[in-house]
Trainee: 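First, the structure itself, so that you have it in front of you.
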2 protein chains.
Amino acid sequence: MNKTHFRAEILKALGQPTRLKIIDFLRDGERCVCEIFPAIDEEQSNTSRHLNLMVSSGILFRRKEGVKIFYAVKHPEIFELVDLATLIMTQEINGRHKLLLAA
Amino acid sequence: MNKTHFRAEILKALGQPTRLKIIDFLRDGERCVCEIFPAIDEEQSNTSRHLNLMVSSGILFRRKEGVKIFYAVKHPEIFELVDLATLIMTQEINGRHKLLLAA
DNA sequence: CCATTATATGATTGATTAATCATATAATGC
DNA sequence: GCATTATATGATTAATCAATCATATAATGG
C-alpha cells in the first residue's frame, strides 16, 4: 500500500457516521464494547465490526481485561483531525447561510 | 442531514486516493480540469466526477473562465486536516517499525 | 461443570462507489 | 457557421460497504 492509500484509509475510517459516533464517545478515554454499543445505539455486532476496522486502520487500540475488551483512540491527533472537520463543517454552514441571506 | 453525517461526508470526501491526489495537486492554488487530470493520471470523466463530489461536500469551489473551469480548495483547514492524516500515518509506520524491531 | 456475560465472526442483503466508454453541452477562434 | 477544445453526464459494471441475524468463542462466578 502506498502513502496516498494509507492516508486515504485513515480518513475513510473516520468518514462514517457510526464510526464518528464511536470516536466522540471515546473522547473521555477507553471504553469497553459493552459500554460503546448502547451509547451509540447500534447493534453489538455492527459496533464490533466498526471497532475492528478502526484498529486495522490505526485509529484505535485495544486492551483486554478479563472478558472485556477496552478500546481507545490511538493518537491524540485523531481528535484534532475530527475537530478540524467540525470546524470546516461550521464554516460551510455559515457560508451557505450567508449566501441564502444575500439572495 | 445531521452534523455527524455532515462531518462524516467531509472526511469521506477526503478519504479516497484519487481525491487525495487532487487535493495535493491543488496545494499551489487553483487549477483547471485540463491541468488536473493529466497531473494525477486519471481519465477526464473520472476526474470531473471526483471534482464535482468535492464541490458538493464543501471541499472545493469552482470558477469559470471562458471554456475552462478552475477548481480550488475552499478552506485552508482542509490542508491542515490532510496534513494531520499524514502525521498520523507517519506515527503508525514508525510505531509498526519499532514493534518489528523489538520482536 | 454450567449458566452467564462479553465479544467476534460467518452468511446474506441492499446500497453505494469508482471507473470506464460513449456522448452531450458549451465556449472559442477561424 | 464549423471545427476544436474543455467539461459534464448517462449507462454500465465490478467492487466495496454497512447492517442484520444467527452463531461461535472465551472468560467468569457460582
Side-chain angles (χ1 to χ4, degrees), chain A residues 1-2 4-26 29-73, chain B residues 1-2 4-26 29-73:
Chain A
M1 187 173 52
N2 67 36
T4 299
H5 278 78
F6 200 145
R7 280 192 303 164
E9 195 190 342
I10 290 170
L11 291 164
K12 189 177 173 187
L14 295 169
Q16 205 278 338
T18 304
R19 291 195 288 270
L20 267 188
K21 283 193 288 176
I22 292 173
I23 298 291
D24 284 337
F25 184 63
L26 293 179
E30 65 171 15
R31 299 280 189 173
C32 68
V33 185
C34 60
E35 292 171 304
I36 298 170
F37 82 85
I40 65 169
D41 195 29
E42 293 287 338
E43 293 229 341
Q44 179 270 322
S45 69
N46 192 31
T47 304
S48 175
R49 282 185 216 280
H50 283 297
L51 291 168
N52 272 290
L53 185 150
M54 288 193 281
V55 169
S56 304
S57 45
I59 306 292
L60 302 183
F61 71 92
R62 206 188 332 243
R63 184 178 69 83
K64 191 172 181 177
E65 188 178 307
V67 74
K68 292 188 181 179
I69 306 209
F70 289 86
Y71 286 87
V73 171
Chain B
M1 188 173 53
N2 68 37
T4 300
H5 279 77
F6 201 145
R7 280 191 303 163
E9 195 190 340
I10 291 170
L11 291 164
K12 189 177 171 185
L14 295 170
Q16 203 279 337
T18 304
R19 293 196 285 272
L20 267 187
K21 284 193 287 176
I22 292 173
I23 299 291
D24 284 337
F25 184 63
L26 293 178
E30 65 171 16
R31 299 280 188 172
C32 67
V33 185
C34 59
E35 293 172 302
I36 298 170
F37 82 85
I40 65 170
D41 195 30
E42 291 289 338
E43 293 229 340
Q44 179 270 320
S45 68
N46 192 31
T47 304
S48 176
R49 280 184 217 279
H50 283 297
L51 290 167
N52 271 290
L53 185 150
M54 286 193 280
V55 169
S56 303
S57 46
I59 305 290
L60 302 182
F61 71 91
R62 204 185 338 239
R63 183 178 70 82
K64 191 172 182 178
E65 188 179 308
V67 72
K68 291 188 179 176
I69 306 209
F70 289 85
Y71 286 86
V73 170

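Order of the sequence lines fixes the chain letters, A, B, ..., with proteins taken first and strands second; residue numbering starts at 1 for each chain. Just the heavy atoms: all of them, side chains too, but no hydrogens, waters or symmetry mates, feed the values below.
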Trainee: Is the charged tip of B:R63 near the ring of B:F70: under 6.0 Å from the six-membered ring centre and within 45° of its axis?
Mentor: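 Positive - B:R63 is close enough to the ring of B:F70 and near enough to its axis.
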Trainee: Rounded to whole angstrom units, what separation is found between the NZ atom of A:K21 and the C1' atom of D:dA18?
Mentor: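 Rounded to the whole Å, the gap is 12 Å.
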Trainee: Output yes when a side-chain donor or acceptor of B:R62 lies under 3.5 Å from a complementary backbone atom of B:Y71, and no otherwise.
Mentor: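 No, B:R62 side chain to B:Y71 backbone: no donor-acceptor pair under 3.5 Å.
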Trainee: For B:D41, check side-chain hydrogen bond (donor to acceptor under 3.5 Å, both in side chains) against everything at least two apart and list the hits.
Mentor: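 Per chain and number, B:D41 pairs via side-chain hydrogen bond (donor to acceptor under 3.5 Å, both in side chains) with no residue.
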Trainee: For the residue pair B:L51 and B:I69, establish whether any side-chain heavy-atom pair is separated by less than 4.5 Å.
Mentor: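 They are not in contact (no side-chain heavy atoms under 4.5 Å apart), so the answer is no.
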Trainee: How many whole angstroms separate atom CD of B:E65 from atom C1' of D:dT7?
Mentor: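 One finds 15 Å between C1' of D:dT7 and CD of B:E65, rounded.
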Trainee: Mark up nucleotides 15-25 of chain C, 5' to 3', with B wherever a protein heavy atom is under 4.0 angstrom from a base atom, S wherever such an atom reaches only the sugar-phosphate, and - elsewhere.
Mentor: -SSSBBBB---
Trainee: Between atom CZ in B:F70 and atom C1' in C:dA27, what is the gap in whole Å?
Mentor: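 Nearest whole value for this atom pair: 14 Å.
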Trainee: Taking 4.0 angstrom as the limit, do A:D24 and B:R7 come out as a salt bridge?
Mentor: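 Looking at B:R7 together with A:D24, the answer is yes, because their closest N to O distance falls below 4.0 Å.
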Trainee: Within the 4.0 Å heavy-atom criterion, would you say A:Y71 contacts the bases, only the backbone, or no part of the nucleic acid?
Mentor: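 Sugar-phosphate: the residue A:Y71, judged by heavy atoms under 4.0 Å, touches backbone atoms but no base.
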Trainee: Quick one: label B:F37 by what it contacts on the DNA or RNA (base, sugar-phosphate, nothing), any heavy atom closer than 4.0 Å.
Mentor: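 Result for B:F37 = nothing.
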Trainee: Looking at A:E42, is its backbone amide N or carbonyl O close enough to the side chain of A:N46 to form a donor-acceptor pair, meaning the two atoms are under 3.5 Å apart?
Mentor: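 No; judged by distance alone, with no hydrogens or angles, the pair does not exist.
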